There are 2 protein chains.
Amino acid sequence: MTLKVGIAGLGTVGAGVVSLLQANAGVITARAGRPVEVVAVSARDRGKDRGVALDGLRWHDDPVALAADNDLDAVVEVMGGAEGPARALVEASLEAGKPVVTANKALLATHGAALAALSERTGAALAYEAAVAGGIPAIKAIREGLAGNKLSRVAGILNGTCNYILTEMRVQGLPFDTVLAEAQRLGYAEADPSFDIDGVDAAHKLAILAALAFGRPVDLSALHIEGIRHVSALDIALAGELGYRIKLLGIASREAGGVAARVHPCMVPVGSPLAAVEGVFNAVLAEGDAVGRVVLQGRGAGAGPTASAVVSDLVDLARGRLTPVWGAAEPMDTAPPMPMERHVGSYYLRLMVLDQPGVIADVTGILRDAAISLESMLQRGRAPGEAVPVVLVTHDCEERRMSEALSRIEALPSVVEKPAVIRIETL
Amino acid sequence: MTLKVGIAGLGTVGAGVVSLLQANAGVITARAGRPVEVVAVSARDRGKDRGVALDGLRWHDDPVALAADNDLDAVVEVMGGAEGPARALVEASLEAGKPVVTANKALLATHGAALAALSERTGAALAYEAAVAGGIPAIKAIREGLAGNKLSRVAGILNGTCNYILTEMRVQGLPFDTVLAEAQRLGYAEADPSFDIDGVDAAHKLAILAALAFGRPVDLSALHIEGIRHVSALDIALAGELGYRIKLLGIASREAGGVAARVHPCMVPVGSPLAAVEGVFNAVLAEGDAVGRVVLQGRGAGAGPTASAVVSDLVDLARGRLTPVWGAAEPMDTAPPMPMERHVGSYYLRLMVLDQPGVIADVTGILRDAAISLESMLQRGRAPGEAVPVVLVTHDCEERRMSEALSRIEALPSVVEKPAVIRIETL
C-alpha cells in the first residue's frame, strides 16, 4: 500500500525530499491516501553527512539501477543535467513502466518531446512540478487549473539569481559585477554563473511553460535568449525615473505570426504584479481567454520549496492523479515559432552621445527614416564636448526595424558607446 | 467515452460554463482525454435568452431530477444557496454516486463536513474550485500543489466587491456610501449588498480554505466576521500616510492557542503582495513549512473566471483525478478554534477628540494601564475646542486588553465618536 520511492541524487534537493517526507509523514500520508516512503537512493558518496537519516535505505551506486529495482513504485530524479545518468535513468524508468518525478528542466527542455512520447507509450507518468519556479505550483495551475482556457500568454520571473542581482543593483545602486560577486559569496550564484545570468536556465523553464500552455512540442531552439550581463546600474536608475523596473522575463505568447518565446531583460511598469516580485522570488503569469490573468509568486529555488514541489508530484502519483506530460496526449498546436525580428513592442534606448550640436537630430532622423516614432526623450545634464546619456522611449515598432536603426545609430561618430536597448513590456 | 454533464442553474455562471465548453471544446477534449459535453440542464425559465445554444439538451424543471438522470456522468450545481434545491441536488447526486462540481461556497461552508462524509461513503467526488477566488486555481494549489507542507497560514482578498469599494474609496477619496452606490450601478455590488460588505461571503470562502489548509472539519461558526461598512475615507487616507493599505482580509492561522479564523478590515504594508491587489481582483496567500509563502492572484468572479474553474474540475473528473473533499479522507487536525479575544496583533486607533488640554494624557494613561505600548502617534491640525483626529498605532497586544481599553477610551467625555479600530497585519 505504501508508495515506495527511489531517489537519484542526494544534493540539496534530494536530501530536502528525504527530509520532508520524514518530517511531514503524517499529513503526506493523509493527503496521499497511503504512506510515501523513500526506500532506495543513489548518490556519489556514501559516507557524506547530508543531515538526513539514510539508515535502512537500499543504496545503488549506479542511479540507472533504480529503474530496474522492482521494489520501487516511483523514481525521483534530482541529479540534473540534460544528458548522462539523469537522462539514462529517466528513459530507463519510463521504459520499464515506472513513474518518474524530476526537477530537471534542462532534460525536459531538451528531450521533453521524446520523453513524453515514451511516457505515452509505456503509460508511466513523468511529473516535473519542481522543474519550473520551485515551490510555486505553476505546472499544476497551468496544466490542470486552467485546463478550460485557450492560453494567449505565459510569462514569468523564472530565475532567482537574476532577479536577486537586478533587485540588489536597484536597491543598492551598485554595478552588475559587484552584485554578482556578492551573490556568489552568499551562494545565490554559482562559481560559473553563465547558466543563470545568460538566461539559459530561464529559457529551459520558459520552453517547458510554453509547451504546456500552448500544447506544442517543447522546442528550446525556437527561443530568443538574452541574459542580464549588459544591464547597467544607470539603466536601472533611469528605468525607475520612467516608472519601470528591469526584470529578466521569459515570455511566450500566441501572435498573428506564430508563437513567440523569448527571454530577455524587460522594463515593466512599477504597477505590474511582476514588478513587485523582488530578490530570489519567482513569479509565473498566465493569460487565458476565460480566466483572464492569473499570477502566482513564491520561492523559486532552495531545498524546501523544491522538495515541496517534488512531494506534491509524489502525492499525485500515490492518489493516481495522472496527466499526460504536456497536458494532452497529442500536441494541440502546430503554429510556427515566430522569429524575434518580427517582435513588435516599444523600446528603451540609452545612448551615450557627445554633447554637441546636431547629435539628437541625427539620431531622431534615423528613427524617422525607419518609421519609428518616439513616445518620450530624456536628456539630463550638460557637458559640452563630453559624453552624456540620452534616453529615448519609442512607440510600438518591429524588432527588425529597430535593429536596422540601431546599426545606423551605432555608426554615428557622435555615439560613443554601443547603445543600451531594453524592451518594454506592459505586463 | 464523452463525460456527460448536467447543469443546474443557467445564470451568469451556468451559461458561462455551457459557453466555455462549446467555445473551447478542442483544447478541453485534448486535456480531458475525452469530450466534456453538457447534455442536460435545469433552470427556472425555459424561454429566457441566455446567449448560449441550448438546443438538443434535456430540460429538467426540477433540478434534483438531474441526480436521477442515468445518462449523466456528472452534475454541475451553480444555483447557489446553502439550503433548498442546491443542497437537495448535491446530496441526491452524491447519494446516487454521481460526481458533483459546485461553485456554492455557502453550501460548502455550512454543510461541507456532512457532504464530505457522504462523498467518502458513496465514492462520488465533490469538487469546488469555483467556490473560492473565482478563476484562481487556489483550491487545487493548496489541496494538491502544497500537499507536502504543514500549512501555518492561509489568507486572502476573497471578496471582489469589497476590494473594489476599498480601492475606489482610496483612489477617488470618496466615502463608503457613494462608492457602494456606484458599485451597485456598475453591477459590482448587489441591490442588497450586506452579504458581500458585511464579510459573510468572504467568511464562507475562508471557512473552506481553512478546512482545506489545516485538514479540519469546515466550521463557519468558529469565524470572527466584520465587514467594511465602518471603514472611512479618512482612515484610508491616514493608512496611506502610515504606509498601509486597508483590505478586507480573511485570515486563518495555526496559533499556540488553536486555529484562528477571522474576516475583517486590515491594514497591510504597501509592500505586501496583497496590498497591490486592487479593484475586483482576488488573491490567496498560503504559508507552508517547506514552501514558504505562495501568493496567487486573479479574477475572483464573473462568468469567464468562474466557468474556467468549473471546467477545470470537470477535466479532473474526466481524467479520473480524484481527491477527497477536504484533501484527506479523515480530518487531520482537531485543535480547538481560538477565540478572537485571544488574538494578538498591533492596532490602528483613530479617535476624534476635543482639542483641549489633557485628552492625550487620558487616552495614553488608559493604554498604559492595559499594558498596551504605542509604536507611534499622529495628531494633525489644531482647532481649539473642536474635534480633531488623533491616530495611535500600538505594538502587539491581546485583543481582550484592547477591547477593555477601548471601552474606557470611548467613555471619556473628550472622545466625541466611537473610535475607529483597524487591525494591522504584516502579511
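This one's a predicted model, so the numbers in the text were calculated from it and none came from an experiment. For the numbers below, each heavy atom of this structure counts, side chains included, while hydrogens, waters and symmetry mates do not. Chain letters run A, B, ... following the sequence lines, proteins first and then strands; every chain starts at 1.
Only the backbone of Ala23(B) has a heavy atom closer than 4.5 Å to any heavy atom of chain A. Within the 4.5 angstrom heavy-atom criterion, no atom of Ala276(B) approaches chain A. Residue Glu129(B): no heavy atom, backbone or side chain, is found under 4.5 Å from chain A. Looking at Asp289(B), only its side chain comes within 4.5 Å of chain A, counting heavy atoms on both sides. Heavy atoms of Arg299(B) lying under 4.5 Å from chain A belong to its backbone as well as its side chain. For a residue to count as touching a neighbouring chain, one of its non-hydrogen atoms must lie under 4.5 Å from one of that chain's; by this rule Val291(B) touches chain A with backbone and side chain alike.
Judged by distance alone, with hydrogens and angles left aside, the side-chain atoms of Arg31(A) form a donor-acceptor pair with the main-chain N or O of Ala147(B) at under 3.5 Å.
Contact record, Gly135(A) with Val294(B): O-CG2, 4.4 Å, taken as the closest heavy-atom pair. Between Ala290(B) and Ser308(A), the shortest heavy-atom contact is CB-CB, 4.1 Å. Contact between Pro137(B) and Ala141(A) at its shortest, heavy atoms only, is CG-CB, 3.8 Å. The heavy-atom pair separating Ala329(A) from Arg319(B) by the smallest distance is N-NH2, 4.5 Å. The two residues Gly148(A) and Asn24(B) make their nearest non-hydrogen contact at O-ND2, 2.9 Å.
Residues Thr323(B) and Arg321(A) have side chains that bring a donor and an acceptor to within less than 3.5 angstrom of each other.
Ranked by heavy-atom pairs under 4.5 Å with chain B, the list Leu146(A), Asn149(A), Ile28(A) is led by Asn149(A). Note on Gly292(B), Gly298(B), Gly271(B), Gly145(B): by heavy-atom pairs under 4.5 Å with chain A, the leading option is Gly145(B). The candidate with the highest count of non-hydrogen atom pairs below 4.5 Å against chain B, out of Pro305(A), Ala307(A), Gly320(A), is Pro305(A). The greatest number of non-hydrogen atom pairs below 4.5 Å with chain B, out of Val315(A), Leu296(A), Val311(A), Asp313(A), is found for Leu296(A).
In this structure, the salt bridge (Lys or Arg N to Asp or Glu O under 4.0 Å) partners of Lys140(B), at least two apart in sequence or on a different chain, are Glu144(A), Glu144(B), Asp316(B). Take Arg50(A) and apply the salt bridge (Lys or Arg N to Asp or Glu O under 4.0 Å) test, not counting sequence neighbours, and it matches no residue. For Arg143(B), the salt bridge (Lys or Arg N to Asp or Glu O under 4.0 Å) test picks out no residue, with sequence neighbours left out.
Residues of residues 279-288 of chain A lying under 4.5 angstrom from chain B, judged on non-hydrogen atoms, are Phe281(A) in numerical order.
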